[in-house]
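A note on names: the letters A, B, ... follow the listed sequences, proteins ahead of strands, and every chain is numbered from 1. Since this is a predicted model, take the numbers as computed values, not measurements. Computation of the quantities below employed the complete heavy-atom set of this structure, encompassing side-chain atoms and omitting hydrogens, waters and symmetry-equivalent molecules.
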Number of protein chains: 2
Amino acid sequence: MGAASDGLIPTPQLLEELSQFFRLLSEPARLQLLCLLKTGPQDVASLIGSTGFSQSHISRQLSQLQRAGLVRCEREGTRLIYTADEPLVNDLCVLVMGRLRERLEQQLEHLQAA
Amino acid sequence: MGAASDGLIPTPQLLEELSQFFRLLSEPARLQLLCLLKTGPQDVASLIGSTGFSQSHISRQLSQLQRAGLVRCEREGTRLIYTADEPLVNDLCVLVMGRLRERLEQQLEHLQAA
DNA sequence: GGCTGCTATGACCATAGCCGCATATCCCGG
DNA sequence: CCGGGATATGCGGCTATGGTCATAGCAGCC
């Protein structure tokens with residue numbers, strides 16, 4: 001399964017868009033923000049407190065995520081409440097985590113065999 | 001499904017490993033190599049020809065992919081034949097492509113509605 | 001309107017990573 | 001064991017981006 005697109009070579013544009021998407025997740029700070037927001041909407045102050053990053057940094061990263069549609073925000077008084085708006089990210093992380101786990105197990109048993 | 005880990009905040013190490021994995025896919029060159037190899041094993045010369053990149057660049061990228069276990073190689077005479085060794089990558093790409101498609105459709109109908 | 005607190009942005013530095021050139025290293029075949 | 005082709009690696013230039021500081025913009029409240 002998943003074989004529907006096997007054998008197809010993506011166009012350069014698609015390749016670029018795919019890699020740009022993965023690039024968003026390739027930064028620990030952004031991934032952390034997404035994971036924090038996964039647990040529920042939060043305002044910027046909370047995110048700053050949880051991560052320890054500067055306000056400007058948080059703002060930039062959230063902008064990127066918002067432009068990509070991974071996050072959305074709404075005003076609450078003077079604050080902005082951000083919300084993760086893409087279950088796909090979580091699914092991707094779960095898949096990759098499973099893979100990391102498999103690899104560790106393989107390394108472990110390879111070690112025990114030797 | 002996939003909801004088993006909702007609400008869990010990854011440790012810094014896990015965050016780092018996840019993002020490192022995504023970083024591998026965040027480079028068009030590497031993603032292209034993976035897509036080319038997805039169609040079947042190839043030797044380095046073919047990859048150079050298909051991509052137009054220099055030999056040293058190809059070699060470096062393949063090294064990275066190999067260290068990550070996404071690719072594996074075996075000798076055939078004097079040449080190295082590389083093989084994509086991870087269906088996960090294709091699955092991830094399919095998921096993201098579906099998401100890109102959805103977004104384009106939304107933009108389209110949003111345009112028509114206006 | 002002016003003040004206050006929150007968020008976004010411009011300027012800037014430091015670093016990481018891509019990429020090619022030249023060269024070293026390796027491995028097969030003779 | 002040696003030669004030649006194939007692959008890996010040291011080096012350097014360049015660009016992109018993470019990260020901070022200072023500051024501008026902006027929305028609400030008195």
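Protein atom CD of B:E74 is 16 Å distant from nucleotide atom P of C:dC27, rounded to whole Å. Between the CG atom of B:L31 and the C1' atom of C:dC18 there is a distance of 16 Å, rounded to whole Å. Atom-to-atom, CZ of A:R67 to P of C:dA8 comes out at 12 Å; the value is rounded to the nearest Å. Spacing between atom CD of B:E76 and atom C1' of C:dG29 amounts to 15 Å, rounded to whole angstrom units. If you take CG of B:L80 and C1' of C:dC28, they are 12 Å apart, rounded to a whole angstrom.
B:R99 is listed as a side-chain neighbour of A:F21, based on a closest heavy-atom distance under 4.5 Å.
Residue B:Q64 is classed as a sugar-phosphate contact, given heavy-atom separations below 4.0 Å to backbone atoms only. Looking at heavy-atom distances under 4.0 Å, B:T78 makes contact with sugar-phosphate atoms alone, never a base.
Between B:L62 and B:V71, the shortest heavy-atom contact is O-CG1, 4.5 Å. Taking all atoms of both residues into account, the shortest heavy-atom contact from B:C93 to A:L18 is O-CD2, 3.9 Å. Summarising the geometry of B:H57 relative to B:A29, their closest heavy-atom pair is NE2-CB, 4.0 Å, with the distance given to 0.1 Å. Pairing each heavy atom of B:A84 with each of B:K38, the nearest pair is CB-N, 4.1 Å. Closest non-hydrogen pair, B:L14 versus A:L100, comes out as CD1-CD1, 4.1 Å. Nearest heavy atom pair, residue B:Y82 against residue B:L37, reads O-CD2, 3.5 Å.
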For this session: Starting at the 5' end of nucleotides 19-24 of chain C, put B wherever the base has a protein heavy atom under 4.0 Å, S where only the sugar-phosphate does, and a dash everywhere else.
Result: BBBB--

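Enclosure of atom CD in B:E76 is not indicated, since only 12 or fewer non-hydrogen atoms of other residues, nucleotides or ligands lie within 6.0 angstrom.
Mapping heavy-atom proximity under 4.0 Å, the span of DNA chain D touched by chain B runs 5' to 3' from D:dA6 to D:dC11.
Taken to the nearest 0.5 Å, the CZ atom of A:F22 stands 12.5 Å off from the CZ atom of B:R30.
At C:dC18, one or more side-chain N or O atoms of B:R30 fall inside 4.0 Å of OP1 or OP2 (strictly under the cut-off).
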